[in-house]
Number of protein chains: 2
Amino acid sequence: MREPAFEPHDHRRCVDGALQTAESLIAARGLRLTPVRRRALEILLERHGAMGAYEVLERLAADGYGHQPPVAYRALDFLVENGLAHRIRRLNAFAACAHPGADHHAAFLICRLCNALAEIPADALRNHLLAGAEESGFAVERLSIEALGLCPNCQSPEPS
Amino acid sequence: MREPAFEPHDHRRCVDGALQTAESLIAARGLRLTPVRRRALEILLERHGAMGAYEVLERLAADGYGHQPPVAYRALDFLVENGLAHRIRRLNAFAACAHPGADHHAAFLICRLCNALAEIPADALRNHLLAGAEESGFAVERLSIEALGLCPNCQSPEPS
DNA sequence: CCTGATACGTTATACTATAACTCGTTCATC
DNA sequence: GATGAACGAGTTATAGTATAACGTATCAGG
Ligand SMILES: [Zn+2]
Ligand SMILES: [Zn+2]
Ligand SMILES: [Zn+2]
Ligand SMILES: [Zn+2]
């Protein structure tokens with residue numbers, strides 16, 4: 001399976017699809033995709049990679065929104081709570097969800113050189129872990145699976 | 001399988017075993033388990049749970065070691081690099097390894113109420129993920145699997 | 001309109017982590 | 001025994017991440 005994150009592709013389709021899904025998803029829940037929230041999502045969607053909250057904040061501020069951390073954190077938290085973005089704990093950063101609205105569980109592949117971030121299905125993995133955890137009587141609520149390594153493009157030696 | 005982290009048990013055995021393993025492991029590698037490093041490990045070993053670097057630092061300072069962050073971070077990094085402790089990214093914290101010297105890959109179960117932290121084997125999970133990642137051409141180097149939820153003791157409603 | 005709920009902005013502060021430099025000890029080499 | 005590299009641990013200072021608490025504007029429902 002080829003990951004868009006690691007391949008050239010028509011990224012506008014990723015962006016447009018995600019934004020449309022976001023609109024309808026949020027509307028269906030009776031919530032509001034306000035300008036600052038929508039803009040935060042657009043910013044995350046610019047690349048298949050993670051972005052720190054302060055980087056998002058700078059961009060929002062440049063667009064005329066607030067200049068203080070809570071502005072970014074609130075927008076990002078909203079996106080995460082509604083499945084439109086993920087929080088990447090290893091990086092203390094956020095990334096747009098690659099399959100919004102799909103009610104999926106994902107594992108993340110993070111390239112340590114080019115910062116590309118792919119989201120691969122992790123439902124099977126999750127079920128295995130849940131089974132293992134249940135043996136100890138532990139009830140899993142949130143699960144994060146994050147791998148750091150090299151994407152296909154960054155594995156070849158660099159031609160100087 | 002019962003997890004010591006969630007059960008009453010003779011914890012001195014955990015501590016003594018871990019310290020002995022640490023001593024021999026570090027010696028075998030020609031490194032030094034200096035007083036401050038050893039003390040940091042002892043502090044982490046006090047409970048099956050994670051501890052922030054600054055909490056460890058306070059304890060080290062109280063014992064007469066340095067008062068500045070690098071003192072704690074250096075000791076903790078040393079322990080992590082040598083497999084004597086783990087870094088729990090979800091909590092920005094550190095925990096003593098429950099099976100030092102075993103060259104294992106673990107997943108972490110973190111109770112959000114009592115902060116107990118268990119380490120369950122994740123080699124099978126890891127292999128599944130590695131296979132999945134390889135399909136995209138991604139080469140995994142570091143993998144973290146962390147679950148947040150409720151331990152057996154914290155699932156029962158609290159008797160007020 | 002009025003009211004409650006939500007969202008956004010602010011200030012201030014807390015928490016986490018690393019850079020860069022100094023000093024002393026250890027230990028192999030001369 | 002002197003020399004110098006390697007290491008460990010201490011310092012100051014700063015960078016980076018996150019939240020608490022409060023005031024105001026906006027918006028839906030009655
Ligand atoms: Zn794309
Ligand atoms: Zn890459
Ligand atoms: Zn124990
Ligand atoms: Zn618990």
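We use all heavy atoms of the structure for the numbers below, so side chains are in, but hydrogens, waters and symmetry mates are not. Throughout, a chain's letter reflects where its sequence line sits, starting with A, and its residues are numbered from 1. The structure displayed is predicted, hence computed values, not measured ones.
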- If you group Ile, Leu, Val, Met, Phe, Trp and Tyr whenever their side-chain heavy atoms sit less than 4.5 Å apart, what else falls in with A:L91? A:I88, A:F108, A:I110, A:L117, A:L148
- Message: So if I define the base as every atom that isn't primed, P, OP1 or OP2, how would nucleotides 19-30 of chain D read as a B/S/- string at a heavy-atom cutoff under 4.0 Å?
- Response: BB------S---
- Item | Atom-pair distance (CZ on B:F78; C1' on D:dG8), nearest Å | 11 Å
- Hey, are A:R2 and A:E7 close enough for a salt bridge, meaning a charged N less than 4.0 Å from a carboxylate O? yes
- residues 52-74 of chain A vs salt bridge (Lys or Arg N to Asp or Glu O under 4.0 Å), sequence neighbours excluded, gives A:R39-A:D63, A:E46-A:R59, A:R47-A:E55
- Query: From D:dG10, C:dG9, D:dT17, pick the nucleotide closest to the side chain of A:N92?
  - Reply: D:dT17
- Query: Starting at CZ of B:R89 and ending at C1' of C:dT16, how long is that distance when rounded to a whole Å?
  - Reply: 12 Å
- Item | For atom CG of B:L57 and atom P of C:dA17, their distance in whole Å | 12 Å
- Message: How many whole angstroms separate atom CD1 of A:I26 from atom C1' of C:dA7?
- Response: 14 Å
- NE2 of A:H67 versus P of C:dA12: gap in Å, rounded? 17 Å
- Message: Parallel, tilted or perpendicular, judged at 30° and 60°: which one describes the rings of B:H9 and B:H48?
- Response: tilted
- Task: Classify the ring geometry between A:H86 and A:H104 as parallel (under 30°), tilted (30 to 60°) or perpendicular (over 60°).
- Result: perpendicular
- Distance in angstrom units between B:E58 CD and C:dT16 C1', rounded: 14 Å
- Task: Specify the separation, in whole Å, of atom CG of B:L60 and atom C1' of D:dG10.
- Result: 13 Å
- Note on the structure: Rounded to the nearest 0.5 Å, the CZ atom of B:R37 sits from the CG atom of B:D77 at a distance of 10.5 Å
- Task: Let me know the distance between CD of B:E55 and P of C:dC15, rounded to the nearest Å.
- Result: 11 Å
